[in-house]
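Accompanying notes for the structure given below.
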Number of protein chains: 2
Amino acid sequence: MNHRHPAPLDRLTRPEQKARTRQALLDAALSLMEQRSLSSIGLREVTRAAGVTPTAFYRHFPDVDSLGVALVDECLGSLRATIRTVRDGLSSSDEVINRSIGILTRQVHDHREHFRFIARERHGGVPAVRAAIAEQLDLFAAELATDLAGDKLLGGPQFDRWIATDLRMVTSLIVNHMVWTAAALLDAPPDSADAEARVVDAASRQLRLIVLGARHWATED
Amino acid sequence: MNHRHPAPLDRLTRPEQKARTRQALLDAALSLMEQRSLSSIGLREVTRAAGVTPTAFYRHFPDVDSLGVALVDECLGSLRATIRTVRDGLSSSDEVINRSIGILTRQVHDHREHFRFIARERHGGVPAVRAAIAEQLDLFAAELATDLAGDKLLGGPQFDRWIATDLRMVTSLIVNHMVWTAAALLDAPPDSADAEARVVDAASRQLRLIVLGARHWATED
DNA sequence: TCACTCAGTAAACACCTGTCCACTGAGATG
DNA sequence: CATCTCAGTGGACAGGTGTTTACTGAGTGA
């Protein structure tokens with residue numbers, strides 16, 4: 001037996017409880033941001049939606065902007081992990097493109113609020129949040145670049161012979177296209193499956209066009 | 001001679017004066033939005049920066065959101081006119097791509113606040129503003145499509161033989177790339193010409209890759 | 001068991017917000 | 001000239017804001 005207090009049954013341990021209300025604050029802010037932007041939501045508003053006192057907020061974040069930075073980590077950090085695991089399971093084929101868009105669509109459906117937040121605050125009014133998002137997206141582009149150089153994907157273009165700047169050029173284009181596609185999916189009315197299908201179709205064609213351009217890139221210059 | 005009052009010399013006519021303060025409100029809001037987002041700036045804040053009474057605001061707009069919609073028209077409406085005149089003066093050549101990026105860079109320098117506003121509010125917290133921006137960007141894509149189909153530009157791809165949906169697919173990609181490039185230029189520090197040069201270089205390559213993909217598009221499918 | 005830590009509470013603070021109201025006075029009209 | 005219009009004024013209203021200060025009381029460790 002452990003001489004510490006045994007695992008609590010219905011009562012929560014202290015760091016557990018703290019993490020719980022912290023998460024409640026994050027969730028509350030995220031749901032408030034479905035309609036409005038981060039810099040317009042107030043500290044009191046968040047705490048009210050989370051069911052705690054305004055002053056309790058300061059136990060977790062110094063201000064709302066810092067909460068925003070934490071939200072970026074939650075949203076894009078988890079997404080990055082997901083993508084990494086998914087990408088490892090993919091075979092190299094031309095269908096990777098359609099599959100990628102499909103996976104993105106599914107992710108947007110499952111984590112609608114997360115993507116809304118990223119799209120909204122990417123160029124939003126809070127510098128710290130903008131910087132955090134830019135940093136994460138840069139990581140996306142960098143990881144995609146190493147994957148492409150390792151010929152894990154897309155088979156067609158010989159990315160391993162590309163110079164680094166060109167590789168980053170195309171991966172950042174792809175990442176930006178991903179973000180834009182997510183935003184387009186969010187703008188499409190959720191009730192109309194037809195509108196969403198058109199967005200998905202257009203996005204697939206665009207991504208295919210990009211890859212097609214990459215396939216013929218080496219022959220130029 | 002006109003029996004109406006003659007043209008006022010130093011005194012302003014009434015609709016002139018009204019248009020003047022309206023413009024002051026628009027400018028004030030725009031300059032406030034360099035640091036913050038539309039939904040976070042207050043009515044009083046705008047009027048204070050414009051040098052008028054809070055209640056005077058209602059003579060021009062019912063609320064701040066409506067002012068935002070008017071701002072969209074001011075920003076993208078004028079830009080659309082500018083682009084149209086510029087595009088007519090361009091010869092069809094491969095240098096059109098670099099020239100386009102150059103023109104965009106210049107426009108961003110000259111109307112920094114306008115582009116910031118568009119990038120910030122494109123997916124921002126005000127639905128009416130989002131809709132207005134989406135509408136304008138759609139017009140951009142449509143006009144670019146007709147220009148490409150009329151083989152005014154880019155010479156290479158035979159856009160006149162493309163089906164409409166594929167044409168819009170590629171023009172919307174280009175327009176989105178344009179917006180993203182503008183945002184990247186704004187994020188780059190204004191004092192470092194080197195950082196800006198890198199953004200411009202990457203954007204040019206990306207646009208070239210897109211056109212390259214379009215050039216080989218017809219051979220597929 | 002007992003003292004301690006610290007997440008969350010409660011009240012009060014000065015300040016800012018959007019909107020209503022009656023009012024003024026310069027430009028327009030006949 | 002007298003009259004009307006209406007952009008902009010100034011004050012007041014109720015209500016919300018971020019932050020401070022002193023406090024409570026459940027989880028914790030020796």
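Model, not experiment: these values are computed from the prediction.
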Inset, instruction - Find out whether A/Trp180 and B/Arg122 are in side-chain contact, i.e. whether some heavy atom of one side chain is under 4.5 Å from a heavy atom of the other. - result: yes
Legend entry - Reported CD1-to-NE2 distance for the pair B/Ile210 and A/His177, which is rounded to 0.5 angstrom: 9.0 Å
Inset, instruction - Determine, for A/Arg84 against A/Glu143, whether the closest basic-nitrogen to carboxylate-oxygen distance falls under 4.0 angstrom. - result: yes
Legend entry - Residues which pass salt bridge (charged side-chain N to carboxylate O under 4.0 Å, His left out) with A/Arg59, listed by chain and number, not counting sequence neighbours: none
Inset, instruction - Kindly indicate whether the side chain of A/Arg116, heavy atoms from C-beta on, has any atom under 4.5 Å from the side chain of B/His123. - result: no
Inset, instruction - Would you kindly give the CD-to-C1' distance between A/Glu16 and C/dC6, to the nearest whole Å? - result: 17 Å
Inset, instruction - Answer whether the closest heavy-atom distance between the side chains of A/Met178 and A/Ser100 falls below 4.5 Å. - result: no
Inset, instruction - Please state whether the phosphate of C/dG8, meaning OP1 or OP2, lies under 4.0 angstrom from any side-chain nitrogen or oxygen of A/Gln17. - result: yes
Legend entry - Near-strand residues of residues 65-72 of chain B, defined as heavy-atom separation under 4.0 angstrom from DNA chain C: none
Legend entry - Those residues that, when tested against B/Asp191, pass salt bridge (charged side-chain N to carboxylate O under 4.0 Å, His left out) (two or more places apart): none
Inset, instruction - Rounded to the nearest angstrom, tell me the gap between atom CZ in A/Arg14 and atom C1' in D/dG25. - result: 10 Å
Inset, instruction - Report the C-alpha distance between A/Ser204 and A/Asp201 in whole Å, list the side-chain angles of each, state the deciding distance to 0.1 Å, and finish with yes or no for side-chain hydrogen bond (donor to acceptor under 3.5 Å, both in side chains). - result: CA-CA 5 Å; A/Ser204 297; A/Asp201 182 64; 5.9 Å; no
Inset, instruction - Look at atom CD of B/Glu34 and say whether more than 12 heavy atoms of other residues, nucleotides or ligands are closer to it than 6.0 Å. - result: yes
Inset, instruction - Would you check if B/Phe61 and B/Val46 make a side-chain contact, meaning some heavy-atom pair closer than 4.5 Å? - result: no
Inset, instruction - State, with a plain yes or no, whether a side-chain heavy atom of A/Arg112 is found less than 4.5 Å away from one of A/Pro190. - result: yes
Legend entry - Close approaches to DNA chain D from residues 52-60 of chain A, in residue order (heavy atom, under 4.0 Å): A/Thr55, A/Tyr58
Inset, instruction - Could you identify which residues of residues 18-48 of chain B place a heavy atom less than 4.0 Å from some atom of DNA chain D, listed by residue number, or say none? - result: B/Lys18, B/Thr21, B/Arg44
Inset, instruction - Quantify the bending of the helix from C/dA14-D/dT17 to C/dG30-D/dC1 as the angle between its end axes, each fitted on five pairs, to 10°. - result: 20°
Inset, instruction - Give a yes or no on this: more than 12 heavy atoms of other residues, nucleotides or ligands lie within 6.0 Å of atom CD of A/Gln23. - result: yes
Legend entry - Between C/dA26 (P) and B/Leu12 (CG): distance, integer Å: 14 Å
Legend entry - B/Glu45 and B/Arg36 ion-paired at < 4.0 Å: yes
